[in-house]
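What you are looking at is a predicted structure, and each value in this text was computed from that prediction instead of being measured. By convention here, the first residue in the shown sequence is residue 1. Counting convention: from 1, in listed order, for ligands and their atoms alike.
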Amino acid sequence: MSNYHIKHLEEYYQVYRKSIREPESFWEEIAEEHFLWRKKWDKVLDWDFSKPEVKWFEGAKLNITENCIDRHLATRGDKTAIIFEPNNPDDEAEHISYRQLYERVNQFANVLKSKGVKKGDRVCIYVPMIPELAIATLACARIGAIHSVVFAGFSSKALSTRINDCDCKMVITADGSYRGAKTIDLKGIVDEALESCSGVENVLVAKRINSGISMKEGRDFWLQPLLDSASKEGNAEVMDAEDPLFILYTSGSTGKPKGMVHSSAGYMVYTAYTFKNVFQYKENDVYWCTADVGWITGHSYIIYGPLANGATTVMFEGVPSYPDFGRFWEIVEKYKVNQFYTAPTAIRALAKQGTKLVEKYDLSSLKVLGSVGEPINEEAWHWYNDNIGKKKSPIVDTWWQTETGGIMITPIPYVTPTKPTYATLPFIGIQPALMGENGNELKGNQVDGRLCIKFPWPSMARTIWGNHQRYKETYFSAFDNMYFTGDGAFRDEVGYYRITGRVDDVIIVSGHNLGTAPIEDAINEHPAVAESAIVGFPHDIKGSALYGYVTLKDAGESRNHENLSKEINQLIADRIGPIAKLDKIQFTEGLPKTRSGKIMRRILRKIAHNEMDNLGDISTLLNPEVVQSIIDNKL
Ligand code: WT7
């Protein structure tokens, strides 16, 4: 018997050791006993980090949707797979059983096929958090089309960049979306994006807000009539283990977004196995992850991981503040949620509201609380632990990335003793290493270094779409034979890991990964701007917020700085999305530069952090005099 479900600390250590000593036979057993294969693999693992190349379960044939849906029909056909909770609490929720999911995914898959989508084609999914989002995603997987879900809060420019980068031939969207009391004109955004996407042949539109939108003859189709006339039966395409399952974009510190490519078999095995253990999911539990499917958290832990375990997973369309800040707790009570997974930024926003709206609801169903996306600070950890978990539900602070596909460092609840702000121990099969600046591995405990992973795990991204060289440079070049995460971490006296934050030019704002370069590019498009630099600074709800230093072309610019700031933020919202707007914009005479002309972000970061007395030696700068004036005018 394989160790699919870990229940004690001793067992964790024993299984962990086995997974490191004999990774191939370990993962082979898990794969063999808990999944449905059309054909077994010829080889469990083939890898070479210098190329880099990683293959898991090569030669195996499968379809992930048969694992997430079909195989549950006999035993869980009437069990609820997805609970859809709409934005407006007065609207009716939807409970989709495994059998209904099977039928709806088949119908959708048949519609895709009828519109000419074939195995290997890329399909962009730009849909709000409604059932069609999950169903479209699974339908692509069912026919072997590669889905590229783009978070439906991204701007038309961000959308078109992503559509073109991987040559999507179809876009699936909705007429609009609800966000609390507001609506967003999604179809309008798609139309604008498609002005620069010549490869898109068809747009399928789900009806959500019933707004009057324009449909382009021959290109755009309402989804529902097509679904209604499609068959509820259909065979899943047989896929190779290493066939790409999806592309998901993540920002890098430079250049355009990186389309991380995830493959089928390894991703399935690892997300399912982590889901089972990290949430200690038991049959009949109700699990809720508040993320959007547009992020990796939603892919792995709203859709694939839970469904592969035959779980009941909640999809919530709305926001934590609508109609009031009690909404999350109302939903927990309504569905008797057992596992609740959210982000520190949401916890901080809710904590700020006090506990009145928490006490109104019965949260006694909760057994496990999760956190993901950024370091959780001590205060938020305690608030979550005391008021939501009532000190009874362990908090799993799960560290991972879009690139890792699944949770990498995490406590296992009721197994690993937790410690505030610590993601604690590596999950089964994960071999972290902390590296010093000179490329040496820091052994032993109580060390601080750059977090790397020494050995492949099944759900790691295999490449960046269309740019393997960039994949190699970004993740496998900083340290020999290691995957470099971009994060710093500390290992304490018992071997627990605490993630200390990014060590590159990526800033995590409200749990969203934002590269500084694309934001600076957007600002620099403003005709009055000469140059700009973005840094992060601590923010009590967002974790980090963005501070922009902007130099104008004409120092005597007569225009009102307030208006300029608004225009700059509007440009950022247009180019990237509202999530990348700056909290503070300081107009500067110049930016501190090295003699070779590189902007010294380190100094700007210190100023934004109010660490003025700790700037280090600035005399070697090209223009040390600007530093004082930046300090004097700090916001
Ligand atoms: C970056 C990855 C993984 C899904 C959501 C984010 C930061 C993530 C934690 C955590 C400290 C965390 C890291 C990581 N991060 N989880 N529990 N503690 N930091 O995915 O957008 O790819 O961002 O988020 O800096 O590198 P992502």
Side-chain angles (χ1 to χ4, degrees), residues 149-151 153-154 246-253 257-260 262 267 270-271 274-275 278 289-305 341-348 369-378 380-381 384 395-411 416 418-427 430 432 450-453 457 459-461 464 474-475 478 483-490 496-515 536 542-544 576-577 579-580:
V149 181
V150 176
F151 171 58
F154 273 121
F246 66 85
I247 299 167
L248 185 60
Y249 287 87
T250 185
S251 0
S253 43
K258 298 171 284 190
M260 304 313 306
H262 282 282
Y267 176 81
Y270 193 78
T271 54
T274 44
F275 174 76
V278 174
C289 165
T290 69
D292 193 290
V293 169
W295 311 115
I296 190 70
T297 310
H299 282 59
S300 303
Y301 300 110
I302 294 178
I303 300 184
Y304 290 114
Y341 192 24
T342 197
T345 184
I347 299 166
R348 288 189 296 263
L369 301 178
S371 172
V372 62
E374 58 182 310
I376 177 166
N377 50 308
E378 190 122 17
W381 194 97
Y384 199 27
I395 295 176
V396 288
D397 177 1
T398 62
W399 173 85
W400 58 297
Q401 311 177 293
T402 305
E403 295 86 337
T404 67
I407 295 168
M408 302 287 282
I409 301 182
T410 179
T416 319
T418 60
K419 176 174 176 182
T421 77
Y422 280 76
T424 76
L425 296 172
F427 190 74
I430 304 304
R450 294 176 177 228
L451 179 61
C452 291
I453 313 289
W457 62 100
S459 66
M460 64 190 294
I464 291 175
T474 312
Y475 305 106
Y483 166 82
F484 174 47
T485 65
D487 284 318
F490 171 72
Y496 275 15
Y497 289 84
R498 173 181 206 259
I499 311 303
T500 50
R502 301 291 308 186
V503 295
D504 55 10
D505 283 330
V506 170
I507 304 170
I508 311 231
V509 179
S510 298
H512 301 310
N513 210 329
L514 299 171
K542 300 178 181 183
S544 294
I576 300 153
I579 49 177

Study note, to complete from the structure: The single option from L451, I453, L425 that satisfies side-chain contact (heavy atoms from CB on, under 4.5 Å) with I409 is L451

**Study point:** W400 to ligand 1, any heavy atom closer than 4.0 Å
**Key:** yes

Study note, to complete from the structure: Note: ligand 1 atoms sitting under 4.0 Å from heavy atoms of D397 are 10 (C), 17 (N), 18 (N)

Check your understanding: Which residue holds the protein heavy atom closest to atom 9 (C) of ligand 1, what is that atom called, and what is the gap in Å?
Key -> E374 N, 3.5 Å

Check your understanding: Where the closest heavy atom to atom 14 (C) of ligand 1 is concerned, which of N513, L514, D487, D504 has it?
Key -> D487

**Study point:** Nearest atoms (heavy-atom pairs only) where Y384 meets I395
**Key:** CD2-CD1, 3.7 Å

Check your understanding: Does G486 come within less than 4.0 angstrom of ligand 1, counting non-hydrogen atoms of the residue?
Key -> no

Revision key, fill the gap. T402 heavy atoms within 4.0 Å reach ligand 1 at atoms 20 (O), 21 (O), 22 (O), 27 (P)

Check your understanding: Closest heavy-atom contact between T485 and D487?
Key -> OG1-N, 3.0 Å

Study note, to complete from the structure: The answer for which part of H512 has a heavy atom under 4.0 Å from ligand 1 is neither

Study note, to complete from the structure: re atom 7 (C) of ligand 1, the protein heavy-atom contact at minimum distance is G373 O, 3.3 Å

Exercise for review: Give the numbers and elements of all ligand 1 atoms closer than 4.0 Å to a heavy atom of I508.
Suggested key: 1 (C), 7 (C), 24 (O), 25 (O)

Review point. Counting each atom of ligand 1 from 1 as listed, which ones have a heavy atom of T297 under 4.0 Å away?
Key: 4 (C), 5 (C)

Review point. If you measure from each non-hydrogen atom of Q401 to ligand 1, which part falls under 4.0 Å: side chain, backbone, both or neither?
Key: both

Point to revise | T404 side-chain N/O to Q401 backbone N/O, donor-acceptor pair under 3.5 Å | key: yes

Exercise for review: Check whether any side-chain heavy atom of I430 sits under 4.5 Å from a side-chain heavy atom of Y270, and report yes or no.
Suggested key: yes

Practice item. For the pair W457 and Y483, name the ring-plane relationship: parallel under 30°, tilted 30 to 60°, perpendicular over 60°. Key: perpendicular

Exercise for review: Kindly say whether A291 contributes a backbone atom to a donor-acceptor pair with the side chain of Y341 at under 3.5 angstrom?
Suggested key: no

Point to revise | Residue T398 vicinity, atoms of ligand 1 by number, heavy atom under 4.0 Å | key: 9 (C), 10 (C), 16 (N), 17 (N)

Check your understanding: Do Y301 and T398 meet the criterion of a side-chain donor-acceptor pair at a distance under 3.5 Å?
Key -> no

Point to revise | Pairing of E374 and R348 as salt bridge, 4.0 angstrom limit | key: yes

Check your understanding: What atoms in ligand 1 come closer than 4.0 Å to a heavy atom of I296?
Key -> 4 (C)

**Study point:** Residue selection (non-hydrogen contact nearest atom 11 (C) of ligand 1) among P344, S300, P375
**Key:** P375

